Amino acid sequence: MQQSQALYEGGEFTEAVQLLIKAADEFKATNNVLNEAIALTNLSLAYQQLGQWQQANEAISQTIKLLQSLEDSDSSQEQSQVFAQALDVRGGLELAQGQTEVALSTWQSSAKIYQHLDDISALIRNHINQAQAMQAMGNYLQADKSLTSVREILQKQPESPLKATGLYSLGNILRSLGYLNDSQKVLEESYYVAGKVGTAMPTADKYAIAQSNALLSLGNTARAQASAQLSLGNSSNAKDYTKTAIQYYQQAALIASATPTVRLQAQLNLLRLLVEQEEFSTAKALLPQIQSQIDNLPPSRTAVNYRINFAQSLSKMKQNSVEPKDVAKMLAQAVQVAKSLKDQRTESYALGILGELYEQTGQLSDAKGLTQQALVQAESINAQDIAYQWHWQMGRILQKQSNIPAATDAYSRAYNALKSLRNDLVAINPDVQFSFRESIEPVYRQYVDLLLQLQENPIKKPDNLVQARQVIESLQLAELDNFFRSPCLVPRVDLDQLLEKEISTAVIYPIILDNRLEIITRLPGQDTIYRKTTKVSKDVLEKAVEELQKDLALLRE
C-alpha cells in the first residue's frame, strides 16, 4: 500500500494499479475487509488517472458493496471514514463522466458522515467538490453559498497546516470556476499562512513546499486573469497580469528547490509564457535546467506530460536555433514511455503532438499517419477532449493536401466532439481557459471557412450556409461558457421560426475569417439565405472595429 501511494504520487499509475490489485487480493485472502476497501478505493483513483472508467467504476462499486456488507453493530469511526472517502471518490468519478446531479447527491451523503465525525478537513474538500457540481448544473447561487461557507469555516480556523491546505484548495477551485480575483486573494492568504506556520515548526521544508505550491497556483491564476483581459480587448492589462504570472513562477521555482516536481512545473509554465511573449533570450537560459531534470525523471505519466509540455514550447522556438529533429526526438521518447506504461491517453497525446510537429515542418504524410494513430488511441478510451484535437489536426492536414471534402468531414467530427463536451470541457481540461483562442475558437472558424468554400450556389442549395450559421452560433455559446467557466444554461432560440413570426426582422451574421469578411443574411418572409463576401484581412478589419469603438465612446461623451 505504501509503495503504491509513492508510485501514485509520482505519476506511475500503471505500476500503482498492479500493486493495489495485489494488495486487495491479499487483504481479501485474510478477510481484512476494511483494508481491502481502502485498496479498492485507491485502485479506482488510479484507474481514473489512466482514463479507464469501466475499471474505476467496478473498483469503487466493489468497495461500497464491501463496506455495506459489514454489520451495523461492527460500525466504527474508521469504517465510517473509509466509507465517506469511498463516496467522495465515487462522486468524482460520476462528475468526470457527466453525471453531475448524481455526483452532487453522492457528495452530500459523504458530507453527512464527515459532519458526524467532525472531520473539518474532509468537510472542506467535500464542500469544494459540491460547489463544482452545483456550478456545472447552473446553480450559481448555491455554489457561491457553498464556497462562502468553506471560506467562513477556514477564517475561523487558527493558522495551521489545515488552514493553509484548505485555502490552497479553495483558491484553485475558485480559479477553475472563473472567480479569478477571489482566487488570487485566497491563494495569497494560503501562502501567508503556510509561511507563518512553517517558521514556527521544525519541519519548515514541508511548509516551503506549501508556499511554492501556492505561488505556482498564483501564477496560474494570474495567467487566467491575463487571458480574461485579452478576451475583453484589454491588452495592456493582459500584459501586466502576464508579468505577474512570470514573477510568481520564478518565485515558485526558487522556493521549490527541495521539491523537484513543483520546481519543474513552475519552470515549464514560465518557459511557455516567456515563449508566448517572445522573450527568447530569457527562455533559452531555462532550457538546460529543464532538460537535465526531465532526463532524470522515472517513467510515469507525469514524466511524459512534462516532456510533451517542454517539446511544445521548444517547437515555438524553432526560429531561435532549436532544431525540429531535437523536438521530434523528445516526443518520440514520450511516445515510447507512454507505450511502456500502457497509458493510452498519454500515448495518444504524445503521438498527436508529434504529428503536429510534422505538420508544421511540412511532412504531411508522416503527420497524417501519426494523427490517425493518436485518434485510434483516444477513441478507444472515449477521450473526446483530446480526440477533437486530432480530428481538427487531420482536417488541417487534409486541407493542405487539397482534399477539401475529406477535410470538411474531419472538421465536422471535431465540431461534433466539441458540442458533446460543451458542458464539461473546462472541467475536464482546465488549461482550456488559458488557450481558448488557440485551441477551441479556430476549430469553429476554420470549419466555417471550409463550408463556405464548398458553397457554390447559396440560393439553390443553402445547406452549407445553414450549417455555417449553426457553427457560428455554437462558437458564441462556447465563448460564453469559456468566459464564465461554466455552461450557460439558456434555452436555444430557433431563429428561423422567429423569422416566420416577425415580419419585419432580419438575421445578419458577420463572420470574421483570416482573409475575408463573410455576411450571411436571412430576410423576413423569405426562405433564401444570402451570402456576401468582402476581401479584407482579419487584422485590418479588427483595427477598423477598434477605431469605431473609440469613436462611439467619444460620441457618448
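Positions are given from 1 along the sequence. Owing to the predicted nature of the structure, the values given are computational and were not obtained by experimental measurement.
Among all heavy-atom pairs drawn from G91 and A103, the shortest one is O-CB, 3.3 Å. Shown here for F83 and I113, the closest heavy-atom pair between the two residues is CD2-CD1, 3.5 Å. The shortest heavy-atom contact between A37 and V82 is CB-CG1, 4.2 Å. The minimum heavy-atom distance linking K339 with E347 is given by the pair CE-OE2, 3.0 Å. In terms of heavy atoms, I60 sits closest to A86 at CD1-O, 3.6 Å. Between L19 and S4, the shortest heavy-atom contact is CD1-N, 3.9 Å.
With hydrogens and angles left out, the side-chain atoms of D144 and Y179 include a donor and acceptor closer than 3.5 Å. A donor atom on one side chain and an acceptor atom on the other are not found under 3.5 Å apart for D88 and N129. Residues Q377 and Q373 have side chains that never bring a donor and an acceptor to within less than 3.5 angstrom of each other. Under the 3.5 Å distance criterion, with hydrogens and angles disregarded, a donor-acceptor pair is assigned to the side chains of H391 and E379. Side-chain contact annotation: Q211 with Q251, donor-acceptor N/O pair under 3.5 Å absent. In the model, Q155 has a side-chain atom that pairs as donor or acceptor with a side-chain atom of E189 under 3.5 Å. Between the side chains of R272 and N269, no donor-acceptor pair is found at a separation under 3.5 Å. Side-chain contact annotation: N35 with E26, donor-acceptor N/O pair under 3.5 Å absent. No side-chain N or O of N416 forms a donor-acceptor pair with one of Y388 less than 3.5 Å apart. In summary, the side chains of Q184 and E188 do present a donor paired with an acceptor at a separation below 3.5 Å, with no hydrogens or angles considered. One side chain, T106 or E94, offers a donor N or O that lies under 3.5 Å from an acceptor on the other. Neither side chain, R223 nor S227, offers a donor N or O lying under 3.5 Å from an acceptor on the other. A donor-acceptor contact under 3.5 angstrom links the side chains of Q293 and R263, judged on distance only.
The shortest side-chain heavy-atom distance between L104 and Q130 falls under the 4.5 Å cut-off. Two residues are said to be in side-chain contact when any heavy atoms from C-beta on lie closer than 4.5 Å; S80 and L117 meet this criterion. Taking 4.5 Å as the limit, every side-chain heavy atom of Y249 sits out of range of all side-chain heavy atoms of L215. Here the side chains of Q265 and N309 are in contact, with some heavy-atom distance below 4.5 Å.
Note: T41 OG1 to E36 CD = 10.5 Å, rounded to the nearest 0.5 Å. For the atom pair NZ (K112) and CG (L87), the distance works out to 11.5 Å, reported to the nearest 0.5 Å. The distance from atom CG of D119 to atom CZ of R125, rounded to the nearest 0.5 Å, is 7.0 Å. With rounding to the nearest 0.5 angstrom, the CG atom of L268 is 10.5 Å from the CG atom of N305. Separation of atoms OG (S109) and CZ (R90) is listed at 10.0 Å; rounding is to 0.5 Å. Residue W390 holds its CH2 atom at 6.0 Å from OG of S348, rounded to the nearest 0.5 Å.
Between E159 and K196 there is a salt bridge, with a side-chain nitrogen of the basic residue lying less than 4.0 Å from a carboxylate oxygen of the acidic one. Electrostatic pairing of D385 and R345 counts as a salt bridge here, judged by a charged N lying under 4.0 Å from a carboxylate O.
Taking a 6.0 Å sphere around CD of Q108, one finds it holds more than 12 heavy atoms contributed by other residues, nucleotides or ligands. Counting non-hydrogen atoms of neighbouring residues, nucleotides and ligands closer than 6.0 angstrom, the CD atom of Q291 exceeds 12 such neighbours.
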message = Checking Q5 against N42 for the side-chain hydrogen bond (donor to acceptor under 3.5 Å, both in side chains) test, could you report, in this order, the C-alpha distance in whole Å, the side-chain angles of both residues, the deciding distance, and whether it holds?
response = CA-CA 8 Å; Q5 183 177 352; N42 293 340; over 6 Å; no
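Note: Y411 and Y447 have parallel aromatic rings, judged against thresholds of 30 and 60 degrees for the angle between ring planes. The aromatic rings of F13 and Y8 stand perpendicular to each other, their planes meeting at an angle above 60°, with 30° marking the opposite boundary.
Among L170, N213, N172, the one residue that satisfies the side chain to side chain contact (heavy atoms under 4.5 Å, CB included) test with L187 is N172.
Of the possible donor and acceptor atoms, one in the side chain of S44 sits under 3.5 Å from a partner among the backbone N and O of A56. Judged by distance alone, with hydrogens and angles left aside, the side-chain atoms of S315 form a donor-acceptor pair with the main-chain N or O of Q312 at under 3.5 Å. In terms of modelled atom types and a separation under 3.5 Å, the side chain of T221 and the main chain of L218 share no donor-acceptor contact. Judged purely by atom type and a 3.5 angstrom limit, N57 uses its side chain to pair as donor or acceptor with the backbone of W53. Between the side chain of R307 and the main chain of A332, no donor-acceptor pair closer than 3.5 Å is present.
Centroid-to-centroid, the aromatic rings of W107 and Y114 stay 6.0 Å apart or farther.
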